[in-house]
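Working notes, structure below.
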Amino acid sequence: MEYRTLGSSGAVVSSYALGTMTFGAEADVETSHALLDVFVDGGGTFIDTADVYTRGTSEEIIGAWFAADHARRDRVVLATKGRFPMGEGPNDLGTSRRHLRRALEDSLRRLQVDHIDLYQMHAWDPITPLEETLQFLDDAVTAGHIGYYGFSNYTGWQLTKAVHVAKAHGWHPPVTLQPQYNLLVRGIEAEIVPAALDAGIGLLPWSPLAGGWLTGKYQRDTAPTGTSRLGENPKRGMEAYEARNADERTWRVIDAVTGIAKDHDVSPAQVALAWLAAAPAVTSVILGARSLEQLHDNLGAADLVLTEDDLGVLTAASDPTWPDYPYGVPGQEQRARKIEGGR
């Protein structure tokens, strides 16, 4: 397992994190604890959860795992999130000081810890003034309730604004951003990745296997069935089968992934994960395994080193289609210049 700093902070985390959205839903308590054991035994040190995952159950399962062996808490960097509804009232969601105070207290209680290493705003809140949110987070760092803070699902301008508002007030800066990012979803490269690199923000990609598409288990023009997420619900959100099946780029990417997997005698999932772990600004890739078999396979990506040719093939096959302006070549020409000669 490789280890990297958590964005521009001095904290060190494994290059793969264990995501726990499945805990209490697709994985029962026994399976969840086994997943935690396998992950840590495999060199993993970074665990990511959220209050909204199974309405607090995911945090409670992790808390019980800590309580069973207090040494475990010292071995991991713990991340959770707040922002989404945890009740029916108008103050039971958002990033206001009113909601976040209660959300953080509840997460600490469920996790059975006295501080959280990385506290993340799960999404942008268009109602709450950004200064209110950032001052609460700065206060929480100063009080020792959290070590660092970051964001999830922010756009490039939202991330940049937060960085500079914190700097202007002399508050502790954010260190991470958790976006959706994988070989099929590369839109963040237009604005979010450059913003993260500019600010020293570490990316923590979620859905690195595109909801199972990059494992190679889905077939062209054959709707999935069975116990997979798409098998249970083929119309599931951004991963829906019909739209991706109709996109030729999907199968071009899958063909490239499976071809390189055969060359290295590894699984397609490991290839997709290794490509992402090597991407600029990425600190740690969040694994969303719901079974021990999946986790064992995913952890194998830590030992896979893709060649420059491999990375080039995958990057070319998954190249997003950018509009000419502002992200295509004509738009790029407006933002570039030579030191001398030409434009």
Is there side-chain contact between [X] and [Y], with heavy atoms separated by less than 4.5 Å?
X	Y	value
W213	V253	no
T45	R75	no
L314	L306	yes
D114	H145	no
L299	L287	yes
F39	S14	yes
H164	H169	no

Take atom [atom1] of [X] as the centre, draw a 6.0 Å sphere, and report whether it contains more than 12 heavy atoms from other residues, nucleotides or ligands.
X	atom1	value
R98	CZ	no
R102	CZ	no
M1	CE	yes
Y325	OH	no

Interatomic distance, [X] atom [atom1] to [Y] atom [atom2] [nearest 0.5 angstrom]:
X	Y	atom1	atom2	value
L304	D265	CG	CG	11.0 Å
L197	L203	CG	CG	7.5 Å
I116	K81	CD1	NZ	11.0 Å
L130	D125	CG	CG	10.0 Å

Tell me if a side-chain donor or acceptor on [X] pairs with a main-chain N or O of [Y] at a distance below 3.5 Å.
X	Y	answer
S96	H99	yes
T250	R244	yes
R335	P326	yes
S267	Q270	yes
T315	G312	no
N153	H122	yes
T128	T133	no
D92	M86	no
N298	Q294	yes
Y241	D221	yes

*asked:* Does L311 form a side-chain contact (heavy atoms from CB on, under 4.5 Å) with E308? I'd like the steps, not just the answer.
replied: CA-CA 5 Å; L311 293 171; E308 288 299 320; 4.2 Å; yes
_Tell me whether D106 is salt-bridged to R109, with the criterion being a basic N under 4.0 Å from an acidic carboxylate O._
yes
*Can E340 and K338 be counted as an ion pair, charged N to O under 4.0 angstrom?*
no
_Using side-chain hydrogen bond (donor to acceptor under 3.5 Å, both in side chains), reason through Q120 and S152 one step at a time and then give a plain yes or no._
CA-CA 7 Å; Q120 302 160 102; S152 180; 5.9 Å; no
*Between T80, T49, D51, which is the residue that forms a side chain to side chain donor-acceptor pair (under 3.5 Å) with S58?*
T49
Check: [X]/[Y] side-chain N/O donor and acceptor closer than 3.5 Å:
X	Y	answer
W275	N182	no
T31	D28	yes
D138	H172	yes

*Let me see the working for R73 and H115 under side-chain contact (heavy atoms from CB on, under 4.5 Å), right down to the final yes or no.*
CA-CA 10 Å; R73 178 64 185 95; H115 74 283; 3.5 Å; yes
*So F151 and Y149, would you call those rings parallel, tilted or perpendicular, with 30° and 60° as cut-offs?*
perpendicular
*What class does the angle between the rings of W124 and Y154 fall in, given that below 30° is parallel, 30 to 60° is tilted and above 60° is perpendicular?*
perpendicular
*Kindly state each residue pair satisfying side-chain hydrogen bond (donor to acceptor under 3.5 Å, both in side chains) with at least one member in residues 184-205, sequence neighbours excluded.*
Y181-E189, R186-E189, R186-S318, E191-Y327
_Passing option when V76 is tested against I62, L18, V40 for side-chain contact (heavy atoms from CB on, under 4.5 Å)_ = V40
_Measuring centre to centre across the rings, with the benzene-like ring taken for any Trp, is W171 within less than 6.0 Å of F136?_
no
_Taking side-chain hydrogen bond (donor to acceptor under 3.5 Å, both in side chains) as the definition, give me every residue that meets it alongside R55, ordered by chain and number, with sequence neighbours left out._
none
*asked:* Assigning hydrophobic clusters by single linkage (Ile, Leu, Val, Met, Phe, Trp, Tyr; side-chain heavy-atom cutoff under 4.5 Å), is V38 placed with L35?
replied: yes
*Is there a chain of hydrophobic side chains (I, L, V, M, F, W, Y, each step under 4.5 Å between heavy atoms) that links I254 to L276?*
yes
*Apart from V13 itself, which Ile, Leu, Val, Met, Phe, Trp or Tyr residues share its cluster (side-chain heavy atoms under 4.5 Å, direct or through members)?*
L6, F46, V77, L118, Y148, V175, L204, I286
*Step by step, would you call E248 with R220 a side-chain contact (heavy atoms from CB on, under 4.5 Å)?*
CA-CA 10 Å; E248 188 60 35; R220 189 193 292 261; 3.2 Å; yes
_With side-chain contact (heavy atoms from CB on, under 4.5 Å) as the criterion, how do V185 and M238 come out once you've worked through the C-alpha distance, each side chain's angles and the decisive distance to 0.1 Å?_
CA-CA 10 Å; V185 181; M238 290 177 281; over 6 Å; no
_Residue pair D310, T307: steps toward the side-chain hydrogen bond (donor to acceptor under 3.5 Å, both in side chains) verdict_ = CA-CA 5 Å; D310 293 332; T307 67; 3.1 Å; yes
